[in-house]
Enquirer: 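Sharing a structure below in structure tokens format, with a few things to ask.
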Protein chains: 2
Amino acid sequence: MDLHLDLDASLPLNTAVADAIRHAIRTGRLRAPGPLPSTRALAAQLAVARGTVTEAYAQLAAEGWIVTRQGAPARVARDGDGPAVTPEAPGPPRDAGAPRWDLRPGVPDTTLFPAPAWAAAVRAATRSGPGVLGYDDPQGRPELRRALAGYLNRARGVTTGPDRILVTSGFADALALLATTLCDLGLRHIAMEDPCLGIHREVVTRAGLTIHPVPVDAHGLDTTALAATPARLVLATPAHQFPLGATLSPARRRKLVAWARRVDGYIIEDDYDGEYRFDRKPLGALQALDPSRVVYGGTASKTLAPAMRLGWLALPPRLVRPVADRVFRHQSPPLDQLALARLIGAGHYDRQVRRTRAEYRRRRDHLIAAGLPLTGIAAGLHAVLPVAGEEPLIARARARSLALMGLGPFWHGPPRSQGLIIGYSRPPVTTAYEALDHLAALVNARR
Amino acid sequence: MDLHLDLDASLPLNTAVADAIRHAIRTGRLRAPGPLPSTRALAAQLAVARGTVTEAYAQLAAEGWIVTRQGAPARVARDGDGPAVTPEAPGPPRDAGAPRWDLRPGVPDTTLFPAPAWAAAVRAATRSGPGVLGYDDPQGRPELRRALAGYLNRARGVTTGPDRILVTSGFADALALLATTLCDLGLRHIAMEDPCLGIHREVVTRAGLTIHPVPVDAHGLDTTALAATPARLVLATPAHQFPLGATLSPARRRKLVAWARRVDGYIIEDDYDGEYRFDRKPLGALQALDPSRVVYGGTASKTLAPAMRLGWLALPPRLVRPVADRVFRHQSPPLDQLALARLIGAGHYDRQVRRTRAEYRRRRDHLIAAGLPLTGIAAGLHAVLPVAGEEPLIARARARSLALMGLGPFWHGPPRSQGLIIGYSRPPVTTAYEALDHLAALVNARR
């Protein structure tokens, strides 16, 4: 028999022969139980040493592609033949024609990322010695937990210690971990603000929790409505309600904590942008009102970049072990953790917060100067603009290559109001003000 | 009333005053509903401006610690008072007196980590521009998926493409993801090798799967016993059974794939150390026998370091979407992914594999030269030494500051044999041979 094999010249000969035969079997040119040429014949045909072919056959036999037996010709294996040649799976959907300006919320301006400082911090971390490269400390590197406990106390008034910090790979992953743990502890119902982030709804549903939406008004989460649910667990954004932008009032803060004590439950405080208050010193974290009832969650996704995959929880003492026991491995690579600890320790992190805060404040002020009647407090990476008919406006913006997002997707059920969530932090500084001007022109033309 | 407050001189005055009052409330020195001094009185007492105290009170009121009302003295808030001052939670258990030599399995020699190459690759990655710093591509950076598809085909014979690769944060996390996905797809039973890694048992149990242990012999997983289980899913280590060290025979490879087709199920191939065959070219991955039935899983935890938190799956086409849809965010930080793509592209990764393979081979040879009758193939980061009475031997080693591990913890049920799993890769080069000599002396003295 004559077998046409193209040999890859970049490979050792025996590997090239094996590869070519594997390819022939995979593509169906060689089918089971079809015999293979003798090693002698194939060697002659390919002008290679017989030993080369023998080695290739031995390799293929060991891998299960072919069957060789003393005194009989080698043949294609019966069960291992013709593995389905499967088409490439469709990849994730691609943005067809990305918009020129993008003001959808949830992402900081990644051109503000302190790349040189980060690279230097990682380099320094690689010099910490081999002791940091193992599987230890799934709760997080002690260096970072110490740095975070200090930072969170100083910047956000969080009452915690390194032993109560858990380093995570961002808030969504932390929420999944918390939801699973608390569900196993018997807390099967969770109250969530309405509106809230869709991915959080998905995460807690996957963990097996039942969601009870609770309305939000200008003072934040409605604690009376909360108390009417069967939940003993609530996910809240006290500093800056996402997406509506209210801050939880002092009276409601006290009521919320009193509720958690009464029902013997927990509050998960999602402090996603607590560092970004523009008009005054930010309120301290709700967590300080009762560190035994509030799980505080923060992230570097907004201050540095989502790509960091770095977040943290400050846990009530009695939740530390149940949550940490569920973490099999480090949630975030230790070298990255050490790098963040260095950024915090050297003051880079605080400078980054101040620098980005100043920039985002300018962008929000720009919208106000353009006459847009924003609601919500002067804070964060997004603003809310109430509009009637958000969908037509979004469509008109899209036609002008401006990507916008409305409140629509954030409601649990039917929308109670309409508006745009303007993620002014997203565009790079080079086009941000242009984008904001386009938005203002579009909205103002309509009024 | 006289309130002794110690002000932190490093803080702005109003913050220092607020902090001191917060501290007094937290520690119970100030109790609800006890009145606070008037702003005028406290200002005089502390020798600060009255406005400073007013600001501090406003901040505390906004945070819910105190209540201020026009014309009435400020008082400690009733619900927010006295948050339980909770003791520090106990941290994770510390190694009391770490052993001088450690030969427990599962970890590579992290002193061989190519730190300068990694740091350079991360620095280069930070220069890729802000586009890589967002939330995109939870399946993994395209650059890394391309590099991995090429590497896996070249080094392990894996038949895949970038669209079928999912970048993970290590194999345990990948297994958790797979187990959850396949459980939801109706595959509720999983067959696992007996013995196997305990953490894998924990991960699949947490995902809701029922485990069916399948014995392992010198030819690897017993495929006849497998077929007798109700499972349509199996987790296997064909290249180098963990921990016993057999390689799955060609006949069983074919039978295993035939089984998966017959039951319409899947094989999860844990190729944790497939690059480390010392005596011959390693067998190609089982995956190539049927890429539509085998999920291939690999990791950089052994080749680089566990601290990388980098792993990968090569998925059957029809599993790509169900698995990827469950990944909310990048499993591994994109900058680290880009760094690994660079290491692979520049040949650093292959060099690292060759370099560590040569070193681990020397260590295994050292044990053989010392007369230890190792079982299992000449491969990997660990060797198996059958012994009668593993526990007493481990205890004697511990007394000499040598940490060892027996087969005991790896069995699903009662042990079917006894032995040591010698993780010769773990110690640093500086003490590895010393550690191996101590082990050999201990074992040989006993015979």
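By convention in this document, chain letters (A, B, ...) are assigned in the order of the sequence lines, proteins followed by strands, and residues within each chain are numbered from 1. These figures come from a predicted structure and were not determined experimentally.
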Enquirer: Between Asp109(A) and Val429(A), is the side-chain contact (heavy atoms from CB on, under 4.5 Å) condition met? List the steps.
Expert: CA-CA 7 Å; Asp109(A) 179 353; Val429(A) 274; 3.8 Å; yes
Enquirer: Tell me which of these, Glu202(B), Arg22(B), Arg426(B), has more heavy-atom pairs under 4.5 Å with chain A than the rest.
Expert: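 Highest number of pairs under 4.5 Å: Glu202(B).
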Enquirer: Could you give the distance from CD1 (Ile199(A)) to CG (Leu175(A)), rounded to the nearest 0.5 Å?
Expert: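 Output value for this atom pair is 9.5 Å.
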Enquirer: Between Pro282(A) and chain B, with a heavy-atom cut-off of 4.5 Å, which part of the residue counts as in contact: side chain, backbone, both or neither?
Expert: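 Only the backbone of Pro282(A) comes within 4.5 Å of chain B.
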Enquirer: If I measure from the heavy atoms of chain B, does Ser169(A) come under 4.5 Å with its side chain, its backbone, both, or neither?
Expert: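 Answer is neither: Ser169(A) stays 4.5 Å or more from chain B.
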Enquirer: Given heavy-atom pairs under 4.5 angstrom as the criterion, report whether the side chain, backbone, both or neither of Arg253(A) touches chain B.
Expert: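 Just the side chain, heavy atoms under 4.5 Å.
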Enquirer: Which pair of heavy atoms, one from Ser292(A) and one from Pro317(A), lies closest together, and at what distance?
Expert: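 Shortest heavy-atom contact: CA-CD, 4.5 Å.
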Enquirer: Please classify the contact of Ala324(A) with chain B as side chain, backbone, both or neither, using a heavy-atom distance under 4.5 Å.
Expert: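 Contact with chain B: none, neither part.
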Enquirer: Nearest 0.5 Å, please: how far is CZ in Arg326(A) from OG1 in Thr180(A)?
Expert: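 Rounded to the nearest 0.5 Å, the OG1-CZ separation comes out at 6.5 Å.
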Enquirer: Select one option (side chain, backbone, both, neither) describing which atoms of Ser332(A) are under 4.5 Å from chain B's heavy atoms.
Expert: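 Only the backbone of Ser332(A) comes within 4.5 Å of chain B.
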Enquirer: With chain A, which of Thr126(B), Leu133(B), Thr110(B) has the greatest number of heavy-atom pairs at distances under 4.5 Å?
Expert: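 Ranked by heavy-atom pairs under 4.5 Å with chain A, first place is Leu133(B).
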Enquirer: May I ask you to name which of Pro306(A), Ala119(A), Gly134(A) has the most heavy-atom pairs under 4.5 Å with chain B?
Expert: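 Heavy-atom pairs under 4.5 Å are most numerous for Pro306(A).
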Enquirer: Working to the nearest 0.5 Å, report the span between CZ of Arg254(B) and OG of Ser249(B).
Expert: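 Result: 8.0 Å between the selected atoms.
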Enquirer: Can you tell me which of Arg280(B), Gln331(B), Glu55(B), Arg252(B) forms the most heavy-atom pairs within a distance under 4.5 Å of chain A?
Expert: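 Most heavy-atom pairs within the cutoff with chain A belong to Arg280(B).
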Enquirer: Can you measure from CE (Met308(A)) to CD (Gln337(A)) and round to the nearest 0.5 angstrom?
Expert: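 Between atom CE of Met308(A) and atom CD of Gln337(A) there are 13.0 Å.
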Enquirer: Heavy-atom distance under 4.5 Å to chain A: side chain of Ala172(B), backbone, both or neither?
Expert: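 Side chain only.
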Enquirer: Mind listing the closest non-hydrogen atom pair of Leu60(B) and Ala18(B) along with its distance?
Expert: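 Result for this residue pair: CD2-O, 3.7 Å.
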Enquirer: When rounded to the nearest 0.5 angstrom, what is the spacing between CZ in Arg321(A) and CD in Gln139(A)?
Expert: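 Nearest 0.5 Å value for the CZ-CD distance: 6.0 Å.
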Enquirer: Only pairs of heavy atoms separated by less than 4.5 Å count here; which of Pro334(B), Ala176(B), Pro130(B), Ala115(B) has the most with chain A?
Expert: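 Result: the option with the highest number of such pairs is Pro130(B).
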Enquirer: Check each atom of Arg127(A) against the heavy atoms of chain B and say whether the ones under 4.5 Å are side chain, backbone, both or neither.
Expert: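 Neither part.
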Enquirer: As a quick check of understanding, evaluate side-chain contact (heavy atoms from CB on, under 4.5 Å) for Val320(B) and Leu166(B), giving each step before the final call.
Expert: CA-CA 8 Å; Val320(B) 172; Leu166(B) 181 93; over 6 Å; no
Enquirer: Considering only heavy atoms, which portion of Ile165(A) lies under 4.5 Å from any heavy atom of chain B: side chain, backbone, both, or neither?
Expert: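 Looking at Ile165(A), nothing touches chain B.
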Enquirer: Using non-hydrogen atoms only, which part of Asp325(A) is less than 4.5 Å away from chain B: side chain, backbone, both, or neither?
Expert: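 Contact with chain B: backbone only.
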Enquirer: For chain B, which candidate among Ala251(A), Ala305(A), Pro428(A) shows the most heavy-atom pairs at distances under 4.5 Å?
Expert: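 Looking at each of Ala251(A), Ala305(A), Pro428(A) in turn, Ala305(A) comes out on top.
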Enquirer: Does a side-chain N-to-carboxylate-O contact under 4.0 Å join Arg261(A) and Asp290(A)?
Expert: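 Asp290(A) and Arg261(A): salt-bridged.
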Enquirer: Is it the side chain or the backbone of Arg206(A) that comes within 4.5 Å of chain B heavy atoms, both, or neither?
Expert: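 When you check distances to chain B, only side chain atoms of Arg206(A) fall under 4.5 Å.
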Enquirer: Under 4.5 Å from any heavy atom of chain B, what part of Val132(A) do you find: side chain, backbone, both or neither?
Expert: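 Contact with chain B involves the backbone of Val132(A) alone.
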Enquirer: Output the option from Thr159(A), Thr111(A), Asp173(A), Val107(A) having the highest count of non-hydrogen pairs under 4.5 Å with chain B.
Expert: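 Sorted descending by pairs with chain B, the first entry is Thr159(A).
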Enquirer: Determine the option with the most heavy-atom pairs under 4.5 angstrom with chain A, choosing from Asp336(B), Leu335(B), Val122(B).
Expert: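 Highest number of heavy-atom pairs under 4.5 Å: Asp336(B).
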Enquirer: What distance separates Leu283(B) CG from Thr247(B) OG1, expressed to the nearest 0.5 Å?
Expert: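 Leu283(B) atom CG to Thr247(B) atom OG1 measures 4.5 Å (nearest 0.5 Å).
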Enquirer: Which is it for Leu256(A) and Val294(A) under the side-chain contact (heavy atoms from CB on, under 4.5 Å) test, yes or no, and what are the steps along the way?
Expert: CA-CA 10 Å; Leu256(A) 189 55; Val294(A) 184; over 6 Å; no
Enquirer: Could you have a look at Arg123(A), Lys281(A), Arg154(A) and say which one has the most heavy-atom pairs with chain B under 4.5 angstrom?
Expert: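 Of the options given, most contacts go to Lys281(A).
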